[in-house]
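Written below as C-alpha cells is the structure these notes are about.
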Protein chains: 2
Amino acid sequence: MDRLELRTLRYFVAVAEELHFGRAAVRLHMSQPPLSRAIRALETELGATLFHRASTGVILTGAGAVLLDEARALLDRADRVRARVATAAGAAALTVGILGDSTDPDVVRLAETYRRRHPHVEVTIRETDLTDPTCGLHAGLVDVALTRGPFDPTGLTTHTLRADPVGALLRADDPLAGRASLTPADLADRRWFRFPAGTDPLWQAYWHGGEPRRGPVVRTVRECQQVVLWNGTVGMTLAEHVPAEGLTVVPLTGLPPSPVLLAWPRADPSPLVRSFVRTAIAAYDAA
Amino acid sequence: MDRLELRTLRYFVAVAEELHFGRAAVRLHMSQPPLSRAIRALETELGATLFHRASTGVILTGAGAVLLDEARALLDRADRVRARVATAAGAAALTVGILGDSTDPDVVRLAETYRRRHPHVEVTIRETDLTDPTCGLHAGLVDVALTRGPFDPTGLTTHTLRADPVGALLRADDPLAGRASLTPADLADRRWFRFPAGTDPLWQAYWHGGEPRRGPVVRTVRECQQVVLWNGTVGMTLAEHVPAEGLTVVPLTGLPPSPVLLAWPRADPSPLVRSFVRTAIAAYDAA
DNA sequence: TGCGACGATACCCGTGCGGTATCGGGTGCG
DNA sequence: CGCACCCGATACCGCACGGGTATCGTCGCA
C-alpha cells in the first residue's frame, strides 16, 4: 500500500524519459541497481508491467505511458506545494550571524543554496567582529550564528560542523618564521594581540594560546594582521589561513583545532532556524 | 529536499483533521512520538510553522490550512493513479491454486484482501486434490500456488510462509487413540492410506511417514477421513486438524512440520504474481 | 499541591534503501 | 564463429531512518 511515494515516481519519470536505466540513475545521482529494484517494486505494487525490457532497449508499456502522465502531474503539483505554503506563511526573515570580516566562499554558497530552496525567506547576513563569537545571538541581533567555538553556550544549542587546525601568525622575518611547527611555549615570551576585556572568557583563552597574554587589543582579522605586521606581535589564526604580504603562518601543535559550529537560541527555535541548520549541516557534510 | 513525501502528507492530514496528535496516531496505526517527529520535520522542511501547539490544544496556522488543502488534493490524485494505471493495463487475470478440498478461512481472507487492493484483477481460485502439491503449476493451470511442501521444486520458486506440526489420523476407538503422542514406528504395522502412483515422490514420502506404505489409495481429505473411519487404516494429517466425528488426531513426533508455501514458475513472474506473493507474505506475517 | 492529559525528548532496534561487486545474455564486430 | 562490451538483474553489505517503548515537562484543573 505504501510503495507509491513521490520519490519512487521521480525514479519512474527519470527512467521513462531516458528509456535507459543507467542514464536515469546518473541523472538521479544514484547507482543503477537500486533504481532497477525500485522500478521493479513499483511494478509489483501496481500489479502492472511498466517497461518492456528488450535487449534492443527499454520501452514504455501502455500502463507505463499512463503512469508517466499521472506521475508528472503529481510531481508538478507537489513542487508547487512548497511555494504555496511559503507564500501562505507570509514574509519571513532570517538573520544569520557570521564571524569575522573575511568573506568565506563556503558561507556565500550556503546562503545561495538556502535562498534557492526557501525563496520566500529574506536572508540577512550579519558580520561580527572577533570579540563576539556568538555573533549577537545573546543580544538577539541574529537568529542563528555560523561561527567558531569555544564560547559560553548558556541558553544556546550548538552543532559542530568541522574543526580546523590552528597556527601562529608571525612576521615573515620573525626568527621563528621558518620553523615547521611551533607550540605556545615557543611564543611564551612574546607580545600577543589580545581581545578586549569583556570578550567571552573561553573564546579569549582559546585564541591566547591557552595562557594569559599581554599585548595590543584587536577586534578584527584585519587589525590582527596589521598589529603583527607593524610591531612583531604574534597571535593565533587558522593554519590554512593565507596571510597578507609580509606575514606567515606556522602550524601550532598541542592545541585543539578550532571548531566551526552553528549556534541558535535553545528555546523553541523557529522552523526557519531549523531549516537553515539542516541546510547548513547537509552542505558541510557534502563538503 | 526529500522530506515531502505522500506518507508524510498523510500524517499531516490526519493531525490537521484530528487536531490532536494522540488521536491522529491511533488513526494512523502508529504511536505518537514518531508522528510528532514527522510533523516537526515537515515544518523544518517547509520552513513554516504548521500547527500552534497551545496547552489548550492544537490549531492550524495559515500555512497549515493551505497545506491541508494542497495535501488533500495531492493524496486524492495519488489514490486515483492506481486505478488509472490498472485500467490502462487492461483486463488482468490471476489463477491461484490451493491445495485440498477443505475451505481455509485464511485463504478466503487473503483473496478478499488482494481483490480489494487490485480490483482490476480477475482472481480465480482453483482447488486441487492432494495428489498434486503444485496445484497444477507444472501443468500451467495456475499462475501461483498456495500449497504445502515438500515437492519437486524444479522450475519453481517457493517461499515458505509457515510450518505446522503433523499428527496421526486414527479412529477414535483405535488402541493408540488415547496416547499423548506417537511416532511413525508406532504405526509401522498398520495399513496407511496412500497417494496414487505418479504423485510427487517427495510429497508421497512425507505423508507416508517417511516409509513405504501399503493401503488404500486416496485423493482428497474427505477420502482420507472416510478410509480411516471405515476400516482402521491410519494416515497423517495436520496436528491442529479437527477431525470428523469418530476420528481423532494424535501428534506425531520426530517428523518435520508441514510447510505452507507459495510457489510460482521461476521464469519471469508477472507483476500480478509478484503482487500476489507480496500480499500473501504480508498477510501471513501479520497473522 | 497533586494529578491527569498531552506533546516533546531520549534511546533502541529492525528494516529498507543505497552502495559495490558480479552475473547473464544478447549484440555487434573482427 | 568467438570474443568483448553493453546493460539490466542479482547478491550481498552497511547504515540511516522510521518506528517502537519509556520518560519527561508543562499546563490545567480539582
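These figures come from a predicted structure and were not determined experimentally.
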Starting from P on D:dG18, measure out to CG on B:Leu28 and report it in whole angstrom.
15 Å

B:Gln32 CD to D:dG20 P, in whole Å, measures 11 Å

Closest nucleotide of DNA chain D for A:Arg40 versus for B:Ala38: which of these residues is on the 5' side?
A:Arg40

Out of C:dA21, C:dC6, C:dA10, minimum distance to the side chain of B:Pro33 belongs to C:dA10

Write down the distance between CG (A:Leu19) and P (D:dC6), rounded to a whole number of angstrom.
20 Å

Using the six-membered ring wherever Trp is involved, compare the ring planes of A:Phe12 and A:Phe51 and label them parallel, tilted or perpendicular (cut-offs 30° and 60°).
tilted

Can you tell me how far P of C:dG7 sits from CG of B:Leu50, to the nearest Å?
15 Å

Testing the 3.5 Å rule here: is there a donor-acceptor pair between the side chains of B:Arg126 and B:Thr95?
no

d(CD1, B:Ile39; C1', C:dG7) in whole Å
12 Å

Taking 4.0 Å as the cut-off, does a side-chain nitrogen or oxygen of A:Arg53 come that near to OP1 or OP2 on D:dC6?
no

Categorize B:Phe51 for me: base, sugar-phosphate, or nothing, with a 4.0 angstrom heavy-atom threshold over every strand shown.
nothing

Parallel under 30°, tilted from 30 to 60°, perpendicular over 60°: which one fits the rings of A:Tyr114 and A:His118?
parallel

Charged N-O contact under 4.0 Å between B:Glu43 and B:Arg53
yes

Nucleotide of D:dG19, C:dG7, C:dG19 approaching B:Ser36 most closely (side-chain heavy atoms):
C:dG7

What's the CG-C1' distance between B:Leu35 and D:dG18, to the nearest Å?
12 Å

How long is the line joining CG of A:Leu42 and P of D:dG8, in whole Å?
17 Å

Of the options C:dG18, C:dA8, D:dG19, whose atoms approach the side-chain atoms of B:Pro34 most closely?
D:dG19

Is any side-chain N or O of B:Ser31 closer than 4.0 Å to OP1 or OP2 of D:dG20?
yes

Nearest-Å distance, NE2 (B:His29) to P (D:dG18)?
20 Å

Heavy-atom count check: over 12 atoms from other residues, nucleotides or ligands less than 6.0 Å from B:Arg84 CZ?
no

Of all the nucleotides listed (C:dG19, C:dA8, C:dC11), which has the minimum atom distance to the side chain of B:Phe21?
C:dA8

Any A:Arg7 side-chain N or O less than 4.0 Å from OP1/OP2 of C:dG18:
yes

